[in-house]
Amino acid sequence: MTDELHFLMAARREKLDAMRARGIEPFAYSFDRTSTAQHAVSLAPEDQSSEASERVSVAGRIVSMRAHGKTAFAHLADATGRVQLYFRRDELGDAYALIDMLDIGDVIGVSGVVFRTRSGEPTIRVAAFEVLAKSLRPLPFAKEETASDGSVVRHMGFSDPEQRFRQRYADLAVNPEVRATFVARAGMTRAIRAFLDARGYLEVETPVLQPQYGGAAARPFVTQHNALDMALYLRIADELYLKRLIIGGMERVYEIGHDFRNEGVDRTHNPEFTMLEFYEAYADYEVMMDVVERLIVAAADAVRAVEPFTDAVPVFTTPFRRIEWLGAINAGLGTDILALDHAGLIKHATRLGVPRAAAMSRPKLMDEIFQLLVESKIVEPTFVVDYPLELSPLAKPKRGDARLTERFELFANGRELANAFSELNDPIDQRERFEAQAALRAAGDLEAAAVDEDYLRAMEYGMPPTGGVGIGIDRLLMYLTGIQHIRDVILFPTLRPE
RNA sequence: GGGCGGGUAGCUCAGUUGGUUAGAGCAGGAGCCUUUUAAGCUUCAGGUCGUGGGUUCGAUUCCCACCCCGCUCACCA
C-alpha cells in the first residue's frame, strides 16, 4: 500500500483538517517551557489531597493515551523523562473536544499544576494545552508496565534491527534508553577533550579529502573533484597530516574525526568511524603509554557517570600489564619468529590454521600469528610493546634492537584499543620504509602504503622526536559500555539504501 | 563470499501437512465510561503473506531464481 493512502495516516490527516477547521494551527513556532518532565514530577506533593502551588508548562511527545469519555490520561515524554497528564472536561471546557483530535506521537505543550493520583503517580492537571506538531505518521510506541519493584516492562515495541537503524529518529523517539548510549558517548569524548586540553594539546582539523592516503594499512574510498579534475581519497588515518603540524611547531595536537575504510561491514566495522589521534613533541612511547593509561581511565569515569552503564564499565588497576611482542609470540610459537624465513612463516601459520597463508606477505603472516597466539587471548587491558620493524613503517627503531620498533598497542577483551609509537623522525629511514611498503604494494598487497613525497619533504625540514597515539572512539565506547555491535554506538550506521 | 535462521496488518508475532472468508495482541475508526496507567466493555476496519518465474484445477504454503535482514565464519595487520 502507499503511505499516502494508508488508513492510519489518513485518520491523522483528517484530525489535522478538523483542527484547522476550528482555527487551530497544529504546527507551532515555539513554546515557552517553565519545566521539564523530570522537574514537574519532582514538584508533586507528598499527600494526595493537595496539589503543587506552582503552575508548570511542559512540552513533549504524547507516548500513551487513555481516554475515558469526560476525562483522559496521557503520558508526555521529553528529553528528561515522562510525566502523566490528566485532562478533564470540567476544567478545559470547549477545548476538551480537541482531545479527540490528538494522537499518540503528537508534540504538545501543556500547563497546569502537579498533583498525585489515587495510585500516587505525579500528574499534571492540564489547565491549557496546545498542539505544537501534529504527528501524521504513527510511531510504534510500546506499552509499558511498571512492575511492583519499579522496573519498567516494555510490551512488544519497535525492535526490528534494520528499521531501528534506518529510522534512528523513530528508534530514539520510541526507545528512549537508546539515547543513553549517545549521552555516554558525548560524555566520553568531552572527557577526552578535557584531558588533552588540560595537557596543553590543541584540537585541530586536517583534510578528510586527500590527494594521497596514508598513515594506516587499508583500502580507501575514492571520489572525484570536478573542477580540479582529479581523484581524491577519503582519509584512512589522520597521522601524516598531524605529524606535519608537529614539524610546523604545533607541539601538541589532537584530532577527533571520521576515517573511512573501504572494507567489510560487521559487528565491529563500519565504513566510517571515529578516530582520535594525538601527537606530542619530545615524548617517546613510554610517555605516551602513561598518557594513554590516564586518558582511558578518564574516559571510563565519564561513561560510568551515565546511568545505565555504571556497572558495565570495567574498573582498571593501573599501571596496565605490559608484555613484549616478541617474547609473547615466541613463547607461543616455541621458536624465534624473527629467525624464520618466508617459507618458515607460511609453515607455522598454516599449522596454526591461518587460511591462504601461502599468499601472504611476511608482515601479514607475523600479524596473523600474533593475533592467534597472543592478541585473541588478552582480556585485561594490556600494552603489547616493541613490534617488528617490518610491521611498523612509521615507527622509530627500538633503542638497542634494530629488528624492532618503539611501538605499543593496547588490547582488552581481545580487541585493539590503541596503537602508538615513538614516531619515526629520520626522513632517510622513512623513505626506505615507504619504499619497502611500495614494494609490497607492487607485489599485490592492496593495503600497503605508497611513498608520500610531500610528507618526506616536511620531515626533511626536521621533525622533533614525537610520541603519537591512535584510539578508535567507537571501539573504546563499545569496550567501556559492553555494547557488542558497533552500529549500536553509531547514530546512523552505514546501510544499503532502501 | 560460505553456512544457518528469517521476511505474513502500522508495530510485535502466530499460522497455513496445497483448498473456498489468512489470525491474535497492540495501534486505528465508531460508541459507552470524570483518578486511568499493558484502563475496560461493545463494534468496525486494516493484508499484492519479500520479488519474479515454475508445478498444479487451485500456491501465502511445494520447486527454482533473485532481493533484503539477522547470526556466524572468512575478510578488515
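Given the structure is predicted, the values throughout are model-derived calculations rather than measurements. So that the names make sense, note that chain A is the first sequence line, chain B the second, and so on, each numbered from 1.
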Check: Which nucleotide in the set rG10(B), rG29(B), rU35(B) lies at the smallest distance from any side-chain heavy atom of Tyr86(A)?
Finding: rU35(B)
Check: Which whole-number value in Å describes the distance from Arg88(A) CZ to rU36(B) C1'?
Finding: 13 Å
Item checked: Which atom of Glu91(A) lies closest to which atom of Val126(A), heavy atoms considered -> CG-O, 3.7 Å
Next item on the list: Calculate the interatomic distance between Gln484(A) atom CD and rG70(B) atom C1'; express it in whole Å.
Entry: 15 Å
List every contact pair, protein side and nucleotides 3-5 of chain B side both N or O, where the distance is under 3.5 Å.
none

Next item on the list: Mind calculating the distance between CZ (Phe165(A)) and C1' (rC68(B)) to the nearest angstrom?
Entry: 16 Å
Notebook entry, point to check: So how far is it from Phe221(A) CZ to Arg219(A) CZ, rounded to the nearest 0.5 Å?
Noted result: 10.5 Å
Check: Looking only at heavy atoms, which two atoms of Glu277(A) and Gly470(A) are closest? And how far apart?
Finding: CG-CA, 4.0 Å
Next item on the list: Let me know the distance between CZ of Phe7(A) and P of rA27(B), rounded to the nearest Å.
Entry: 13 Å
Margin query: Can you tell me if Arg154(A) touches the phosphate of rA38(B), counting only side-chain N or O atoms and a distance under 4.0 Å to OP1 or OP2?
Written below: no
Margin query: Please give the stem ranges for RNA chain B, sorted by first residue number, where a stem is three or more consecutive Watson-Crick or G-U pairs and both donor-acceptor distances are under 3.5 Å.
Written below: B:1-7 with B:67-73, B:10-13 with B:23-26, B:28-32 with B:40-44, B:50-54 with B:62-66
Note to self: Suppose the criterion is salt bridge (Lys or Arg N to Asp or Glu O under 4.0 Å): which pairs have a residue in residues 468-482 of chain A, not counting sequence neighbours?
What the structure shows: Arg185(A)-Asp474(A)
Margin query: I need the minimum non-hydrogen distance between Leu85(A) and Leu76(A), along with the two atoms involved.
Written below: CD1-CB, 3.9 Å
Next item on the list: To the nearest Å, give me how far apart CG (Asp266(A)) and P (rG1(B)) are.
Entry: 15 Å
Check: Can you list every salt bridge (Lys or Arg N to Asp or Glu O under 4.0 Å) pair that touches residues 124-134 of chain A, not counting sequence neighbours?
Finding: Glu51(A)-Arg125(A), Asp103(A)-Lys134(A), Asp106(A)-Lys134(A)
Next item on the list: With heavy atoms under 4.0 Å as the rule, sort Phe115(A) into base, sugar-phosphate or nothing.
Entry: base
Checklist line | Nearest-nucleotide pick for Lys70(A), side chain only, options being rU35(B), rU34(B), rC69(B) | finding: rU34(B)
Item checked: Ion pair Asp17(A)/Arg20(A), N-O distance below 4.0 Å -> no
Next item on the list: Rounded to the nearest angstrom, tell me the gap between atom CD1 in Ile99(A) and atom P in rG28(B).
Entry: 14 Å
Next item on the list: Applying side-chain contact (heavy atoms from CB on, under 4.5 Å), name anything that partners Pro220(A), two or more places apart in sequence or on another chain.
Entry: Tyr213(A), Tyr233(A), Ile236(A)
Next item on the list: Sort and list the pairs that fulfil salt bridge (Lys or Arg N to Asp or Glu O under 4.0 Å) and have at least one residue in residues 259-272 of chain A, not counting sequence neighbours.
Entry: Arg235(A)-Asp259(A)
Margin query: Which residues pass the side-chain contact (heavy atoms from CB on, under 4.5 Å) test with Leu338(A), not counting sequence neighbours?
Written below: Leu326(A), Asp336(A), Met366(A), Pro388(A), Arg403(A), Leu404(A)
Note to self: Looking at rG10(B), I'd like to know if its phosphate oxygens (OP1 or OP2) sit under 4.0 Å from a side-chain N or O belonging to His6(A).
What the structure shows: yes
Check: Side chain of Leu8(A): nearest nucleotide among rA38(B), rG10(B), rU35(B)?
Finding: rG10(B)
Margin query: For Lys15(A) and Ala142(A), find the nucleotide of RNA chain B closest to each by heavy atoms; which residue's nucleotide sits nearer the 5' end?
Written below: Ala142(A)
Margin query: Is it the case that rU36(B) (base atoms only) and Glu121(A) (side chain only) share a donor and an acceptor within less than 3.5 Å, ignoring hydrogens and angles?
Written below: no
Checklist line | Sugar-phosphate only, base, or nothing, as touched by Glu368(A) at under 4.0 Å among non-hydrogen atoms | finding: sugar-phosphate
Next item on the list: Pick base, sugar-phosphate or nothing for Gln48(A), based on heavy-atom distances below 4.0 Å to the nucleic acid.
Entry: nothing
Note to self: Contact between Ser64(A) and Gln84(A) at the side-chain level, heavy atoms closer than 4.5 Å - yes or no?
What the structure shows: no
Notebook entry, point to check: Is the base of rU36(B) touched by the side chain of Thr117(A) through a donor-acceptor pair closer than 3.5 angstrom?
Noted result: yes
Next item on the list: Could you work out which one of rU12(B), rG28(B), rC75(B) sits closest to the side chain of Ser159(A)?
Entry: rU12(B)
Item checked: Heavy-atom closest contact (Arg433(A) atom, Pro393(A) atom, distance) -> CB-O, 3.5 Å
Any protein N or O atoms within reach of nucleotides 71-73 of chain B? Criterion: under 3.5 Å, listing atom names and distances.
{"unit_1": "rC71(B)", "atom_1": "OP1", "unit_2": "Arg487(A)", "atom_2": "NH2", "d": "3.4"}
{"unit_1": "rU72(B)", "atom_1": "OP2", "unit_2": "Arg267(A)", "atom_2": "NH1", "d": "3.4"}

Checklist line | Closest-nucleotide 5' rank along RNA chain B - winner of Arg496(A) and Asp160(A) | finding: Asp160(A)
Note to self: Without decimals, in angstroms, what is the distance between Asp100(A) CG and rG29(B) P?
What the structure shows: 9 Å
Check: Leu234(A) versus Asn262(A): any side-chain heavy-atom pair under 4.5 Å?
Finding: no
Note to self: Can you list everything that forms a ring pair (Phe, Tyr, Trp, His ring centres under 6.0 Å) with Phe129(A)? Sequence neighbours excluded, please.
What the structure shows: Phe87(A)
Check: Which residues satisfy the side-chain contact (heavy atoms from CB on, under 4.5 Å) test with Glu409(A), sequence neighbours excluded?
Finding: Tyr387(A), Arg407(A), Phe411(A), Glu416(A), Asn419(A)
Next item on the list: Quick one: list whatever passes side chain to side chain donor-acceptor pair (under 3.5 Å) with Arg322(A), sequence neighbours left out.
Entry: Glu286(A)
Check: What integer distance in Å separates His75(A):NE2 from rU35(B):P?
Finding: 16 Å
Between protein and nucleotides 39-43 of chain B, what N or O pairs are separated by less than 3.5 Å?
{"unit_1": "rA39(B)", "atom_1": "OP1", "unit_2": "Lys143(A)", "atom_2": "NZ", "d": "2.1"}
{"unit_1": "rA39(B)", "atom_1": "N6", "unit_2": "Ala67(A)", "atom_2": "O", "d": "3.3"}
{"unit_1": "rA39(B)", "atom_1": "N6", "unit_2": "His68(A)", "atom_2": "ND1", "d": "3.3"}

Margin query: Any N or O donor-acceptor pair under 3.5 Å from the base of rU34(B) to the side chain of Arg89(A)?
Written below: no
